[in-house]
Structure formats: structure tokens, C-alpha cells
Amino acid sequence: MNEATQRLFFAIWPDASTSGALAMLAQQVAAESGGRATAPGNVHLTLAFLGDQPSSVARALSAAAARISAPAFDLVVDRVDSWRKNAIAWAGVQSVPPPLLELHQAITRSLVVSGLEPDERPFAVHVTLARRIAAAVRRPLAPPLVWHVTAFTLVASELAAAGARYRVLSSWPLVAKT
Ligand code: ATP
Ligand code: MG
């Protein structure tokens, strides 16, 4: 890999209490599914994956992200599910809040103005909890976990001996409800 590039993605990063709750859930779901739990500090919701990008693109993306004005919202994480194709178990929502779609669309526009091609696949709202699962898991999460989303972030994914390590590069606030 070219040293001047970084592997980037936009994400929603959990606050400490949500991160702790999701990490505990990841442990449970990993045990249920026979998978490997996401490391506690790594739990996140991906908004857009950008891949390896030079610093010029990172700067353009940051400038575009700084212009986004979208509302803060609550994400009610109320289900656990899994994908057979990539052997991942994840946490998700029964209903996607419109402000999350609005944020996703605004970020997609930021990619386009920065010269990147957005993912053509539909936005799959999920928080990866466990990888390399042996058995499918699918159940409601009761009581749900209510995640107060007040910002979005640009993150660099760095490969460490123990796997991917994520570093938040910048965060931009969402507009508080009045
Ligand atoms: P590793 O690939 O080393 O197992 P990882 O998947 O956690 O670790 P990355 O591949 O850097 O780390 O991915 C960062 C984030 O972007 C993760 O949330 C991942 O699910 C998501 N992601 C990675 N590749 C894609 C892709 N091609 N399309 C959409 N999202 C992706
Ligand atoms: Mg990956």
C-alpha cells in the first residue's frame, strides 16, 4: 500500500456508555454464534466506506463533511441478526430513523463532490458484533439499546498485529433537537 494513503470510512462512533453496552452485547452474541467478538473499542456503525485515499481526498472529504447540517437523533438498537455470506453477526434496528437516512445521503453527496464513487448497494444499517460466526443468530434485543447520536466521524482503519485498529480523525456535530 502507498504510504501516503489512508484506509478511510465515515462512521457513527458510540459514546462511552453505548460503546460499553455494545461491547457487552458483542461478547454475548459471539458466545451464541461461535464467533469472535468485535474488540470493545472498535464497535461502530459505518456510514460510508471509502477505501485507501490520498490526503488530498481526505481533506476534500473533511471540508465537505464540515458543511453538512443534519439533525441529531436516537438510534433504537432493537435486534440482533447475522449474514451467512460473510459470517458476521450484527446489531440493527427494526426501523431506520429518517435522520439517519438524511445523514447517509448527505455523506453520499460529500463523496460525490470529492470525486469518489459512492457504494451502489443499499445502506445496510448494522453494527458488527462478531465475525467468523459458526451459527446464525437472529433475535429481538429487549430491552433495546438507545444510542443518542450527536455527531458523525471520519475514521482511519490501520492494520495492527491484532487486527484492524480504528482512529477517529475528525468529528462533526449533528444539530441538536430543539
Ligand atoms: P478487517 O478487514 O481487517 O477484518 P475491518 O473490516 O473491521 O477489519 P476495514 O476493512 O478497514 O476493517 O473496514 C472498516 C469499516 O468499513 C468496517 O465497518 C467494515 O465493515 C466497513 N467496510 C469495509 N470494507 C467495506 C466495503 N467494501 N463496503 C462497505 N463497507 C466496508
Ligand atoms: Mg474489512
Side-chain angles (χ1 to χ4, degrees), residues 1-16 18-30 33-55 57-58 60-62 64-65 68 75 77 79-93 96 100-101 103-112 114-134 136-138 141 145 147 149 151-172:
M1 188 184 81
N2 184 333
E3 275 180 35
T5 66
Q6 281 182 303
R7 186 174 171 92
L8 300 176
F9 60 105
F10 280 109
I12 299 173
W13 215 258
D15 58 86
T18 305
S19 178
L22 286 168
M24 274 176 56
L25 180 62
Q27 290 292 341
Q28 285 169 15
V29 169
S33 61
R36 191 184 154 145
T38 302
N42 274 1
V43 181
H44 66 276
L45 191 156
T46 300
L47 291 164
F49 179 72
L50 311 168
D52 289 328
Q53 298 296 343
S55 54
V57 173
L61 283 167
S62 296
I68 292 176
L75 195 64
V77 178
R79 57 190 281 242
V80 174
D81 206 339
S82 52
W83 287 319
R84 189 187 292 266
K85 59 179 196 291
N86 53 7
I88 277 174
W90 47 274
V93 297
V96 179
L100 175 55
L101 293 180
L103 176 60
H104 178 257
Q105 283 164 10
I107 286 173
T108 299
R109 289 192 292 273
S110 298
L111 262 60
V112 173
S114 305
L116 302 182
E117 283 184 28
D119 198 338
E120 281 170 11
R121 292 171 301 177
F123 179 36
V125 178
H126 72 285
V127 177
T128 298
L129 297 177
R131 292 167 188 274
R132 296 198 208 169
I133 61 170
V137 46
R138 178 176 233 171
L141 181 63
L145 202 153
W147 180 350
V149 179
F152 67 100
T153 54
L154 182 64
V155 186
S157 172
E158 296 164 351
L159 217 57
R165 179 80 47 84
Y166 303 135
R167 190 158 56 89
V168 173
L169 301 177
S170 304
S171 281
W172 296 274

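Atoms within a ligand are numbered from 1 in the order they appear, just like the ligands themselves.
Of all protein heavy atoms, the one closest to atom 7 (O) of ligand 1 is Tyr166 OH, 2.1 Å. The single protein non-hydrogen atom nearest to atom 6 (O) of ligand 1 is Arg131 NH2, 3.4 Å, given as residue, atom name and distance. In terms of protein heavy-atom proximity, atom 3 (O) of ligand 1 is closest to Ala164 CB, 3.9 Å. If you check which protein heavy atom lies closest to atom 30 (N) of ligand 1, you get Phe49 CB, 3.4 Å.
Closest non-hydrogen pair, Val127 versus Trp147, comes out as CG2-CZ3, 3.8 Å. Residues Leu154 and Ala58 approach most closely at CD2-O, 4.4 Å, considering heavy atoms. Nearest heavy-atom pair across Pro118 and Thr108 is CB-CG2, 3.6 Å.
A salt bridge is absent between Glu158 and Arg7; no separation between the charged side-chain nitrogens and carboxylate oxygens falls under 4.0 Å.
With atom 17 (C) of ligand 1 as the reference point, the heavy atom nearest to it among Arg121, Arg7, His44 is part of His44. Considering only non-hydrogen atoms, atom 19 (C) of ligand 1 lies nearest to Thr46 out of Thr38, Thr46, Leu45.
In this structure, Phe152 and Phe10 have tilted ring planes: the angle between them lies in the 30° to 60° band. By the 30° and 60° cut-offs, the orientation of the rings of Phe9 relative to His44 is tilted.
Against a heavy-atom cut-off of under 4.0 Å, Ser157 is close to the following atoms of ligand 1: 9 (P), 11 (O), 12 (O).
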